[in-house]
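To start, the structure itself, in structure tokens.
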Amino acid sequence: MSRALEGELAASIKSGDPIAAYRAISELFKPATDEELLEFEILGRSHPFPDGCYVLRDGCAAAISKLGLVQAFLVGRKITMGHIEATSLRTDDELLAATAVMLLMDSEHLTAANTRKRLLRRRISPGVSPALHASLQAEKHFLDSLLTSRLHRHTKSPTLWAHLQWLLSEIASVGIPSNGLSDLKKVVFTAGERHPRNYYAWNHARFLLNTGSLVPNQDGLDAVMKWCTQHHTDTSGWSFLYFILSNMPSSSSTSAHQALEGVLGLVQSLRLTNESVWVFLRTLAASPVAEEEDYSKFLNFSRSFIESSKLATDHGVLRSALEWCETYRANPPTDIGVTQI
Amino acid sequence: MSEKAADLPEELQLLTEAHVKYIQSLDTRKDDYEYWLTEHLRLNGLYWGLTALHILGDPDALPRDETINFVLSCQHENGGFGAAPGHDAHMLSTVSAVQILAMVDALDELEARGKGNGKAQVGKYISDLQNRQTGTFAGDEWGEHDTRFLYGALNALSLLRLLDLVDVDKAVDHIAACANFDGGYGSGPGAESHAAQIFTCVAALSIAGRKDLIDTDRLGRWLSERQVGRGGLNGRPEKQEDSCYSWWVLSSLEMIGKIHWIDRDSLIAFILSCQDPQGGGIADRPGDMVDVWHTVFSITGLSLLGYPGLQPVDEVYCLPKSTVERVLGW
């Protein structure tokens, strides 16, 4: 959905009932008893809503009219900024509703996100009361829903991902356990699929690993490998696979070997020549993560693959990968920035 | 560069006047709902628009006094700036504020009309965001760390002549830790290599005088692989070309002395094909909707490529060279 407004739509905003739109849309964010994430979709001019109708619900799926959302955003904005400027103070619930509507419209609205953090921070104290637990879980549910919905900007929003990271740190600080592998699969993988090459989603995966929530073990590795093989044109997935391989405990030196074998097998069977796979392969094979034997295996495989490949257009990527790999295996950087746990 | 802009064929003409009008129009729509929907990046947008105007050679196209007043109206008591009046302070909008004031030669207004003790107050806001153990910078009190913020901090502090407020050596160590095996840099140690993050790291090292830490061959190769298809640049492997990478990739290449590793002519042709001849402005790709972000980074990219008739841009600061020279007293 483009943030820009078509002329007709802009005119329509002047009519209609913004308060009604706001009430209907903010209903969506009332605390859910359901664990299921909400799936939002914002529908524009091509999907007209009946008069006075702003939201269509079907279980966890919620379609919101773009016109209604813009009107609701403006109401929410007024509420929030009025509170911040202390001209019109509001209750916590009113602010949570207003900022939720704002973020649904505009995922980058930092002040709305920070307002939520301020509200939550005030509630955090040593000893986890059921109310605090519920607040934190509700916030996670809210964020996970926005980050995994079919909303073009939300799935890759640095503001929302950073907000989630702050929240997870708070959750950890009050001793509530979290499940990094579950978050990886439920949130990162979904966001990564909704928005290919999703930089901030995969950055979050690194956060999960760096904070210890996601353990670099076989389960995690298998999950990531599987995702990459199903999304082989996604350079971000491959980059994270390299990252997790670099962070496997040194006792499992076979991980890189298995990963290389697996990917070469995939390349062979699907005749893959796309850049993302080959950049991953050349980087892995040239790096200290790969043993000498695996490096040689990659070279031999590449040479015969190039020979058997008919298309000249493929050769560019393949030859370049081979040459890059040989160059940098022989010339490792003196100061590698690969994060080692 | 011997060609004159007027001698170029139509498809290689930069529609300067149209772009100036487009940028000027962005602030005159206060009744437009779109104005409120983009409020969260207003100050950044002003920096993008003003930079584009300066490089296009029309620095007075936005009124100076109003610009300064708007910037100052975004400042908080702690010295930091938000994206618009009432919006939370953040590193990125603070950096934009400093860059704007630098361009219109109004940094001294911070002494006259800024919060607290003028430039020092802004310097304090920025330097308080550095983690003295790791050298990295947060974006605000909520703790997100990203090399964008580190670069922004060094950029703004050096313009304020307050770089000594922070531990530059530690910041440099952090950047070094962000160097990836593939030659690129990411938003933090071990993060995915990304052309824009590369710019922040290389420019930060430039300001710190530590480009010696860069493996320029390895990085140059990664960057030169960004040129695809019609000549446009992407930001990562297998992504679509996008006009804004004309800045992130080119400035990085310029800083490591390898701008000639990109085919200049096809890139220029690509960037120009992203212009909107009717309304002005430049889009990410031909035919798409324009925005001020892609407009500025296309124009600064063209300046780096020596496109005729443009003012020189500083590849480290993303400001007119004349601004940087004046502020840093070169």
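Chain identifiers are assigned alphabetically (A, B, ...) following the order of the sequence lines, protein sequences preceding nucleic acid strands; residue numbering begins at 1 within each chain.
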Engaged part of [X] at the chain B interface, taking heavy atoms whose separation is under 4.5 Å:
| X | answer |
| --- | --- |
| A:S239 | side chain |
| A:R77 | side chain |
| A:Q165 | neither |
| A:D234 | neither |
| A:N114 | both |
| A:W324 | both |

Nearest 0.5 Å, what's the [atom1]-[atom2] distance between [X] and [Y]?
| X | Y | atom1 | atom2 | answer |
| --- | --- | --- | --- | --- |
| B:W222 | A:T283 | CH2 | OG1 | 10.5 Å |
| B:N44 | A:E108 | CG | CD | 11.5 Å |
| A:N203 | B:E144 | CG | CD | 8.5 Å |
| A:T327 | B:D217 | OG1 | CG | 9.5 Å |
| B:R218 | A:Y328 | CZ | OH | 6.0 Å |

Tell me, side chain or backbone of B:E225 under 4.5 Å from chain A's heavy atoms, or both, or neither? both

With a 4.5 angstrom heavy-atom cut-off, is it the side chain or the backbone of B:H90 that approaches chain A, or both, or neither?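 Answer is side chain: those atoms of B:H90 sit under 4.5 Å from chain A.
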
For a quick check under 3.5 Å, do B:E192 and A:S236 share a side-chain donor-acceptor pair by atom type? yes

Once the angle between the rings of A:H109 and B:H40 is folded into 0 to 90°, is it parallel (under 30°), tilted (30 to 60°) or perpendicular (over 60°)? tilted

Kindly assign one of parallel, tilted or perpendicular to the pair B:H194 and A:Y199, based on the angle between their ring planes and the thresholds 30° and 60°.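 Perpendicular.
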
Considering non-hydrogen atoms only, spot the tightest contact between A:E275 and B:E238 and give its length.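 Looking at all heavy atoms of both residues, the closest pair is OE1-N, 3.0 Å.
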
